[in-house]
Colleague: 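Next up is a structure, given as structure tokens.
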Amino acid sequence: PNQLQGSPSPSPTASPQPSPDQSVIPPGVNPVSSAAVAANSPDAASSPAAILTDPQALRQLNQKLYTQLDTAWRTAPQFNERLTYRVSVRNDGKIVGYKAENSAALNSVNQTPLLNLVEVPTADRPAQSEPITQFKVVFTPNGVLEVNPWHGYPTSLTPITDGNRIKQLNEKLHTQIDQKWQGTPDFKEDLVYRVKVSNEGGLAGYEAMNQPAVDFAQKTPLPSLLKVTPEAQGKVAEFRVVFKGNGVLQVSPWDGANR
């Protein structure tokens, strides 16, 4: 990702509109770049900020941020583009800063809950006094919220090569998803995902492979099935998972599906 700009923007209540390269930050709140979470930031060595390396703790913080934003986001979207932000969060889940990553995000920030959720520093709790972690937050025009660690989840995964085990995991993954995928789909195009499964059968990660899969990810069972466990740090197999608009579920080995 590109380096963040270090200059805070005017107050969101001020009449002048910020230029597209400015962050929208409440008075007294440092932009997320000042926290220097990114490993390639020039301030990383001297900053108290640190990227969480424990996958389970990172996932819990991700869920805490998602719940906080999802609960506060109650207005129907009036924007037509995805609003993407880089958000800085303390380990207690409090938002301490954010930066708009595209022009649409900058112009429509008042349609998100970010302005009201950013915690303004105080004398007892100044900015940069505690470690923070950055997340990619996307508000989509169809009302779906996406929250993911900015640098992804740390893993040390190696591929499963045993054909019989891959076949068993394929069947297990199909069963897990099929049991949780209830109701009539409200999408028309296929949702295609690349899904990682641990040797024990737990969902270790997934990646949307087309735009409909991005837009409707929260309408699938994948987020609820995702597990980051010690087992998920070992061997994994990858599968192609397709949710079809007619309600059919397809699961096949990723390599086999792409030969």
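The first residue of the sequence shown is numbered 1, and numbering continues consecutively from there. Quick caveat, the model's predicted, so the values are computed rather than measured.
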Colleague: So Y206 and V241, side-chain contact (heavy atoms from CB on, under 4.5 Å) or not? Walk me through it.
Modeller: CA-CA 9 Å; Y206 65 89; V241 174; over 6 Å; no
Colleague: When you measure from the side chain of S224 to the backbone N and O of P221, does any donor-acceptor pair fall under 3.5 Å?
Modeller: yes
Colleague: Is it the case that the side chains of Q63 and T67 hold a donor-acceptor pair, with the cut-off being a distance below 3.5 Å and no angle test?
Modeller: yes
Colleague: Do NZ/NE/NH1/NH2 and the carboxylate oxygens of R194 and E207 come within less than 4.0 Å?
Modeller: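 Judged by the 4.0 Å cut-off on N to carboxylate O distance, R194 and E207 do not form a salt bridge.
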Colleague: Sub-3.5 Å donor-acceptor pair from the side chain of N62 to the main-chain atoms of V147, do we have one?
Modeller: yes
Colleague: Is it the case that more than 12 heavy atoms not belonging to Q111 sit under 6.0 Å from its CD atom?
Modeller: yes
Colleague: Taking salt bridge (Lys or Arg N to Asp or Glu O under 4.0 Å) as the test, write out the residues that go with D190, two or more places apart.
Modeller: K244
Colleague: For a quick test of reading the model, state the closest non-hydrogen atom pair linking I160 to A237 and the distance between them.
Modeller: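 Looks like CD1-N, 3.8 Å.
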Colleague: Other residues, nucleotides and ligands only: do more than 12 of their heavy atoms fall within 6.0 Å of CG on D186?
Modeller: yes
Colleague: May I ask you to decide if the ring planes of W181 and F187 are parallel, tilted or perpendicular, using 30° and 60° as cut-offs?
Modeller: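 Parallel.
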Colleague: Using the rule given for side-chain contact (heavy atoms from CB on, under 4.5 Å), can you reason through K180 versus L225, listing the C-alpha separation, both sets of side-chain angles and the distance that settles it, and then say yes or no?
Modeller: CA-CA 9 Å; K180 283 186 171 289; L225 289 172; 3.4 Å; yes
Colleague: Given Q168, which partner from the list R165, E171, K172 fulfils the side chain to side chain donor-acceptor pair (under 3.5 Å) test?
Modeller: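 Of the listed residues R165, E171, K172, the side chain to side chain donor-acceptor pair (under 3.5 Å) partner of Q168 is R165.
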Colleague: Do L169 and F239 pass the side-chain contact (heavy atoms from CB on, under 4.5 Å) test, and can you show the C-alpha distance, the side-chain angles, and the key distance before you say yes or no?
Modeller: CA-CA 9 Å; L169 291 174; F239 297 91; 3.7 Å; yes
Colleague: Check the pair W73, L114 against side-chain contact (heavy atoms from CB on, under 4.5 Å), reporting the backbone distance first and the verdict last.
Modeller: CA-CA 9 Å; W73 191 28; L114 288 171; over 6 Å; no
Colleague: Quick one: does T112's side chain have a donor or acceptor within less than 3.5 Å of a partner on V109's backbone?
Modeller: yes
Colleague: Which class fits the ring pair Y85 and F139: parallel under 30°, tilted 30 to 60°, perpendicular over 60°?
Modeller: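 Rings of Y85 and F139: perpendicular, over 60°.
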Colleague: Identify whether the distance between the nearest side-chain nitrogen and carboxylate oxygen of D92 and K94 falls below 4.0 Å.
Modeller: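 Judged by the 4.0 Å cut-off on N to carboxylate O distance, D92 and K94 do not form a salt bridge.
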Colleague: With the side chain counted from C-beta on, respond yes when Y193 and T220 share a heavy-atom pair under 4.5 Å apart, and no when they do not.
Modeller: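 They are in side-chain contact.
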Colleague: Are the charged groups of E146 and R82 less than 4.0 angstrom apart, N to O?
Modeller: yes
Colleague: Verify the distance criterion only: is there a donor paired with an acceptor across the side chains of Q211 and D215 at less than 3.5 Å?
Modeller: yes
